[in-house]
Peer 1: 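Structure provided below as C-alpha cells; questions to follow.
Here, residue 1 is the first one in the sequence, and each next residue gets the next number.
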Amino acid sequence: MHHSEQSSDPITLVISEVVKPDCIHEYEGWVKQVNHAAQQFPGFRGVEVIRPRDRTHPEYVVIVKFDHYEQLKAWLTSAVYQRWVENVQHLFVSRSSQQLPDGLELWFTLPANTTQELPQPAYYKKVVLGVLGVYPLILLADALLKPVVKDLPPLLALLLSVTLVSALLTYPVLPWLTQVLNFWLYPQAASLQRRSQQNR
C-alpha cells in the first residue's frame, strides 16, 4: 500500500553527464533523439536540458519528468533507452542520476562531479535547510511589503507575502543554500571528492 502511494506521485529524473569536449556535437544529437523517444512513452511530462557554461568541462544536466514512477521505470528499462545509453558511453567522462519527487530537483540536486547515485539528505536536514531559507525571507518580505500591504485585507496581504517568499526561495535562495551546504547534505560526495583530490 505504501509503495503504491509513493508510485502515484509525479517523479523527476535528474541526470548529470560530463561530456568529452570533442564529443559535444555528437552528444547534442543524442540528447535530441532520446528526448524525442521519451515523448512517445506514456506518462511523459517534459524534459529540460541545462547546458554547460564551461566548454573545457562540459557538464550537462538533463531533467526528465514522468507522471508516475512505473512510467519512468518503463522508459529507463526500455530497449530503446538501453540501446542508446550503451552506444554513447564513449561520449561521457562521468555520468550520474538521481530520482526525486517532482519539484524537488530545483532544491536537492546531485553535487557536481559525482559518479554514483547518492541517497537523499535526511529529512531533518531538509527541514533545517528550509528554515534557513524561509525565516530570513519572511523577515525580508515583512520589511519590504509592510508599507504596500498595510491597507489590504489580511488574507490578500498574506498571499502577496507568501508569493514573494516562494519566488525567492525557489531561486536563488534554496539552490544557493544547497550548493553551500553540499558537504553536509551529501557527506558521501564530499568524502569522495576529498579522496579524489588527495589521489591527484
Side-chain angles (χ1 to χ4, degrees), residues 6-121 167 169-182 185-186 188-190 192-193 196-197:
Q6 280 190 328
S7 65
S8 65
D9 294 330
I11 188 83
T12 297
L13 178 70
V14 180
I15 304 171
S16 171
E17 296 168 324
V18 179
V19 181
K20 295 176 183 176
D22 58 345
C23 295
I24 289 177
H25 182 72
E26 188 178 351
Y27 175 82
E28 288 273 1
W30 174 80
V31 167
K32 288 179 182 177
Q33 289 181 337
V34 170
N35 292 350
H36 178 73
Q39 294 174 24
Q40 316 305 316
F41 280 74
F44 177 78
R45 301 182 72 182
V47 64
E48 180 181 356
V49 179
I50 302 174
R51 288 174 169 79
R53 295 179 182 176
D54 183 1
R55 286 284 168 168
T56 62
H57 184 79
E59 180 177 10
Y60 285 76
V61 178
V62 182
I63 301 171
V64 186
K65 298 184 180 184
F66 276 82
D67 284 334
H68 307 298
Y69 169 74
E70 288 84 357
Q71 293 167 330
L72 170 64
K73 186 177 179 182
W75 177 61
L76 291 176
T77 57
S78 69
V80 173
Y81 179 81
Q82 292 295 323
R83 185 169 63 250
W84 267 331
V85 170
E86 289 169 6
N87 289 342
V88 295
Q89 289 295 330
H90 64 283
L91 302 180
F92 307 134
V93 175
S94 65
R95 189 173 194 269
S96 60
S97 64
Q98 184 175 24
Q99 294 171 17
L100 302 173
D102 187 48
L104 288 182
E105 73 281 357
L106 294 175
W107 296 357
F108 302 104
T109 56
L110 280 173
N113 303 327
T114 56
T115 56
Q116 64 179 26
E117 290 192 20
L118 297 174
Q120 276 289 286
L169 195 64
T170 300
Y171 186 84
V173 173
L174 272 179
W176 176 76
L177 274 176
T178 302
Q179 187 176 29
V180 169
L181 296 176
N182 257 339
L185 293 167
Y186 300 97
Q188 301 95 329
L192 286 171
Q193 287 173 354
S196 174
Q197 290 169 356

Peer 1: To the nearest 0.5 Å, tell me how far I11 CD1 sits from K65 NZ.
Peer 2: 11.5 Å

Peer 1: Within a strict 4.5 Å, meaning less than it, do heavy atoms of the V64 and T12 side chains meet?
Peer 2: no

Peer 1: Checking S16 against E59: is there a side-chain donor and acceptor pair closer than 3.5 Å?
Peer 2: yes

Peer 1: Roughly how far apart are E17 CD and L91 CG, rounded to 0.5 Å?
Peer 2: 9.0 Å

Peer 1: Quick check: does any side chain N or O of K20 sit under 3.5 Å from a backbone N or O of H90, one acting as donor and the other as acceptor?
Peer 2: yes

Peer 1: With a 4.5 Å cut-off on side-chain heavy atoms, are L13 and L76 touching?
Peer 2: yes

Peer 1: Show your reasoning for whether side-chain contact (heavy atoms from CB on, under 4.5 Å) applies to V61 and I15.
Peer 2: CA-CA 6 Å; V61 178; I15 304 171; over 6 Å; no

Peer 1: Measure centre to centre between the rings of F66 and W75, then say whether the value is under 6.0 Å.
Peer 2: yes

Peer 1: Identify the heavy atoms of A37 and F41 that sit nearest to each other, and give their distance.
Peer 2: O-CD1, 3.2 Å

Peer 1: Under the criterion side-chain contact (heavy atoms from CB on, under 4.5 Å), I'd like the reasoning laid out for V49 against I63: C-alpha separation, chi angles, the key distance, then a yes or no.
Peer 2: CA-CA 6 Å; V49 179; I63 301 171; over 6 Å; no

Peer 1: What's the verdict on side-chain contact (heavy atoms from CB on, under 4.5 Å) for V93 and V19, showing C-alpha distance, side-chain angles and the deciding distance?
Peer 2: CA-CA 6 Å; V93 175; V19 181; over 6 Å; no

Peer 1: With side-chain contact (heavy atoms from CB on, under 4.5 Å) as the test, would you mind laying out the steps for D67 and R45 before giving the verdict?
Peer 2: CA-CA 7 Å; D67 284 334; R45 301 182 72 182; 3.0 Å; yes

Peer 1: For W176, enumerate each residue passing the side-chain contact (heavy atoms from CB on, under 4.5 Å) test, keeping only those at least two apart in sequence or located in another chain.
Peer 2: V180

Peer 1: Determine which pairs satisfy side chain to side chain donor-acceptor pair (under 3.5 Å) with at least one residue from residues 28-37, sequence neighbours left out, and list them in order.
Peer 2: E28-R51, E28-Y60

Peer 1: Looking at F44, is its backbone amide N or carbonyl O close enough to the side chain of Q71 to form a donor-acceptor pair, meaning the two atoms are under 3.5 Å apart?
Peer 2: no

